[in-house]
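A short worksheet on the structure shown next.
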Amino acid sequence: MAHFIAVSKRPSSILPFLLPSWSESTVSIQQRNQSSYRRTTQRLRLKPDSSFGLSTDQIYDHIIHNPPSSAPSVYHTPTKFLPPGDVRSTLRAGTSVPNSEALPTLFKSDTTKKYHLKQSDIEEIRRLRLSDPMSWSRWKLAKRFECSPLFIAMVCEASPEKKEIQKKVLEAVQSRWGIKRRIAREDRQLRKETWGRE
Amino acid sequence: MKRLQLQQWSGSALSPRARPACGRLLYAGLRRQTTVSSTTTDAAPAADAGVATSRQLAQAPVLAASSQMSRRLLPSPPVEAARESAKLAALHARLYLPSRFPLETLARTLVHASADPNADFNNQSLATLGDDLLAYYATEHLLCTYPRLPLTVVFAAMYAYVGKKTLAAMAREWGVELAAAPGGEVDPGLLQFHRITPGTSLNTGPITGTTRPNDDRTSWRRGMTSRVVYDDHFGEPTMAPGATQQSTSNITPTVTAEEASATFVRAIMGAIYLHAGRPAAKRFFSQHFLSRHLNISELFNFSQPARDLSRLCAREGFESPVAKIISETGRKSRHPVFVVGIFSGKDKLGEGAGSSLLEARSRAAVAALKGWYLYSPLDVRVPSSMEEDGAAPWKPVYIDPGEVVV
């Protein structure tokens, strides 16, 4: 019923099937004629970029170099990587370097190393992880000692029981995956391997 | 076809009996090799039994009318058959070989050791020389042009320049056709070798009998640095000479078409060096080998590029690398694109684009590492350029401390 009300609000001219058959000749059927086609092409006709045009003072006296945006070539050695005796470092000395200070970093947290942990702290990390591996995971230890989980993995290793439990948990999770999820995860891993190759 | 000027051929390489103008070319000299001195050929070097019998038969006073019959008894075409082959002359002209390079030697380069075990008539010695020359020229080009390349990439690039597959492809591009089976009656313009039996497995487990110590311990790791010391120029283990002789003594050796074609190309290189000298050999190498395009930046494969770059900056005393977002679009859409640059201090080391921040950072680190490893000096000179007349005094090439070891 609500559907009928909604339909009846519209003007009947755009819904020709609601009208009786004798009024069919009066309904204007929308079609593309030449004027609308011309309007469409006129809108699609973009002006070329200003760098393509010839300047008035230098006609045919310069090379138009307008390359598409692309990654810089790996054969172009960065200035910092040039050895001391290379001529290119002096040649590039005058070129302006874009300010990298203003650019945002990749991650919000600061990843610079602090080197603040002492030997006693490391002993404490090892003791905690061995004594109660379920509550003291790598992430919790990293948060408490303000270091990275990678550092926790470097200084200590999980007990074999904890590894066994974790393996079973992983198997239980993976057993619930269907074929699509499994394939998608394998594809993601394969794509990740191409990062270092291309 | 290119005209062959017979009088310009070097007399030192061509023995007088092999010259077509010489009247005393009889069957006694049927198997005289051009590159062997006359005293050696007269002594008739002892080979295995089959060849010895064929030579005795060939030295029998038969007339030229039955030459086709006696040729069938030879393992490879006789020397003077090279003059009659149109294929050989065409190949000589097509490769634009120097005129001092005789057709007889070209015919000899087409005979693999599996077809004719006699070392005076097969291309084994020429191929050994040519292999060393190819390895030397390719190595000096790689090490002087890209002095910072890691060892794995050097090995891969060497294989791409002068490896077996490349040489076989070159022989195919040169239009060298393969003989179905070797024999004395075969056209000497065809590559002659004993084909391996179809269905033979080429990967026969771990290789033993190499020159490496403890090669029976198959589970031991073959490190990259040990490959420089023990292995060949592709980082593959070389077979000890005693082991190969034992395996080939009782049965007829058979090779793949790829191996035979590669041996032919190596033999051509060695023969050019012998007949036309070092400049011609080097010109041949630059025209046929260095002219093949090889994109070295595609040979890299990094597993942990960000860590490697961090270690590199620590080793060289640069500020530690920091990844920063240069530009991005569609962060919350299905297809975002991030452009991440890796900066050390104020200098940009590399730049990469990816559909996630981690991918873009990883690609940027890869670009920075490739920028380090693919450094090339401006005026590259190789040591063999000192052999030219009037060469400028030698300046030492740039040598790098080595790749990043994590």
Side-chain angles (χ1 to χ4, degrees), chain A residues 67-115 147-151 153-154 184-185 187-198, chain B residues 147-148 295-305 308 312-313 316 318-320 322-328 338-355 357-379 398 400:
Chain A
S69 63
S70 58
S73 166
V74 288
Y75 290 99
H76 183 95
T77 312
T79 316
K80 198 152 203 171
F81 285 166
L82 290 173
D86 203 285
V87 194
R88 280 167 281 189
S89 53
T90 54
L91 289 176
R92 289 184 204 160
T95 55
S96 64
V97 181
N99 188 17
S100 64
E101 306 289 325
L103 294 175
T105 52
L106 217 59
F107 306 110
K108 283 172 188 166
S109 60
D110 190 17
T111 53
T112 50
K113 299 185 180 94
K114 285 182 281 191
Y115 300 105
C147 61
S148 69
L150 182 68
F151 180 77
M154 280 161 68
R185 285 195 166 249
D187 285 351
R188 192 180 301 165
Q189 200 58 37
L190 289 177
R191 279 201 304 274
K192 208 168 187 175
E193 284 170 13
T194 64
W195 294 356
R197 255 204 314 269
E198 295 172 349
Chain B
R148 283 177 181 165
N295 193 356
I296 295 190
S297 72
E298 286 177 357
L299 299 180
F300 287 88
N301 187 6
F302 298 101
S303 56
Q304 297 211 24
D308 291 4
L312 172 70
C313 288
E316 297 296 320
F318 304 144
E319 296 99 326
S320 61
V322 181
K324 290 183 174 176
I325 303 172
I326 294 175
S327 67
E328 65 171 60
F338 300 96
V339 178
V340 166
I342 291 199
F343 293 87
S344 168
K346 283 186 175 179
D347 299 277
K348 189 168 81 174
L349 303 182
E351 184 184 319
S355 58
L357 283 172
L358 280 182
E359 181 187 357
R361 185 187 69 158
S362 173
R363 287 185 188 278
V366 166
L369 282 174
K370 283 184 183 174
W372 169 266
Y373 283 130
L374 288 174
Y375 163 73
S376 181
L378 274 182
D379 41 352
Y398 175 75
D400 189 67

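Everything numeric in this text was worked out from a predicted model, so none of it was measured. Proteins come first, then strands; the chains are lettered A, B, ... in the order of their sequence lines, and each starts at number 1.
Contact tally against chain B (heavy-atom pairs below 4.5 Å) for Arg197(A), Glu101(A), Lys192(A), Lys80(A): the top residue is Lys80(A). The candidate with the highest count of non-hydrogen atom pairs below 4.5 Å against chain A, out of Ser376(B), Ser344(B), Ala367(B), is Ser344(B). Interface remark: of the candidates Leu378(B), Val322(B), Leu312(B), Leu378(B) forms the most heavy-atom pairs closer than 4.5 Å to chain A. Of the listed residues (Pro78(A), Pro83(A), Gly85(A), Ala71(A)), the greatest number of heavy-atom pairs within a distance under 4.5 Å of chain B belongs to Pro83(A). Interface remark: of the candidates Val366(B), Ile325(B), Asp347(B), Ile325(B) forms the most heavy-atom pairs closer than 4.5 Å to chain A.
With a 4.5 angstrom heavy-atom cutoff, Pro104(A) touches chain B via backbone and side-chain atoms both. Both the backbone and the side chain of Ala323(B) come within contact range of chain A, each with at least one heavy atom under 4.5 Å from a heavy atom of that chain. Interface remark: Asp308(B) contributes no atoms to any contact with chain A (heavy atom separation under 4.5 Å). With a threshold of 4.5 angstrom between heavy atoms, Ser320(B) does not approach chain A through any atom at all. In this structure, the portions of Tyr375(B) lying under 4.5 Å from any heavy atom of chain A include both its backbone and its side chain. Proximity to chain A is absent for every atom of Leu299(B), based on heavy atoms less than 4.5 angstrom apart. Proximity to chain A (any heavy atom under 4.5 Å) is shown, for Leu369(B), by neither the backbone nor the side chain. Interface remark: Ser297(B) contributes backbone and side-chain atoms alike to the contact with chain A (heavy atom separation under 4.5 Å).
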Glu298(B) vs Glu198(A), side chain to side chain contact (heavy atoms under 4.5 Å, CB included): CA-CA, chis, key distance, verdict: CA-CA 7 Å; Glu298(B) 286 177 357; Glu198(A) 295 172 349; over 6 Å; no
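Contact annotation: the side chain of Thr79(A) never approaches that of Phe81(A) to less than 4.5 Å [non-hydrogen atoms, C-beta and beyond]. Leu103(A) is listed as a side-chain neighbour of Phe343(B), based on a closest heavy-atom distance under 4.5 Å. Taking 4.5 Å as the limit, some side-chain heavy atom of Glu316(B) sits within range of a side-chain heavy atom of Trp372(B). Between Lys370(B) and Tyr75(A), every side-chain heavy-atom pair lies at or beyond the 4.5 Å cut-off.
For the pair Arg148(B) and Tyr373(B), the cation does not sit on the ring face, since its NZ or CZ is not both under 6.0 Å from the ring centre and inside 45° of the axis.
For the pair Glu359(B) (side chain) and Ser355(B) (backbone), a donor-acceptor distance under 3.5 Å is present. With hydrogens and angles disregarded, no donor-acceptor distance shorter than 3.5 Å links the side chain of Lys346(B) to the backbone of Asn99(A).
By the side chain to side chain donor-acceptor pair (under 3.5 Å) test, Ser362(B) pairs with no residue at all, sequence neighbours left out.
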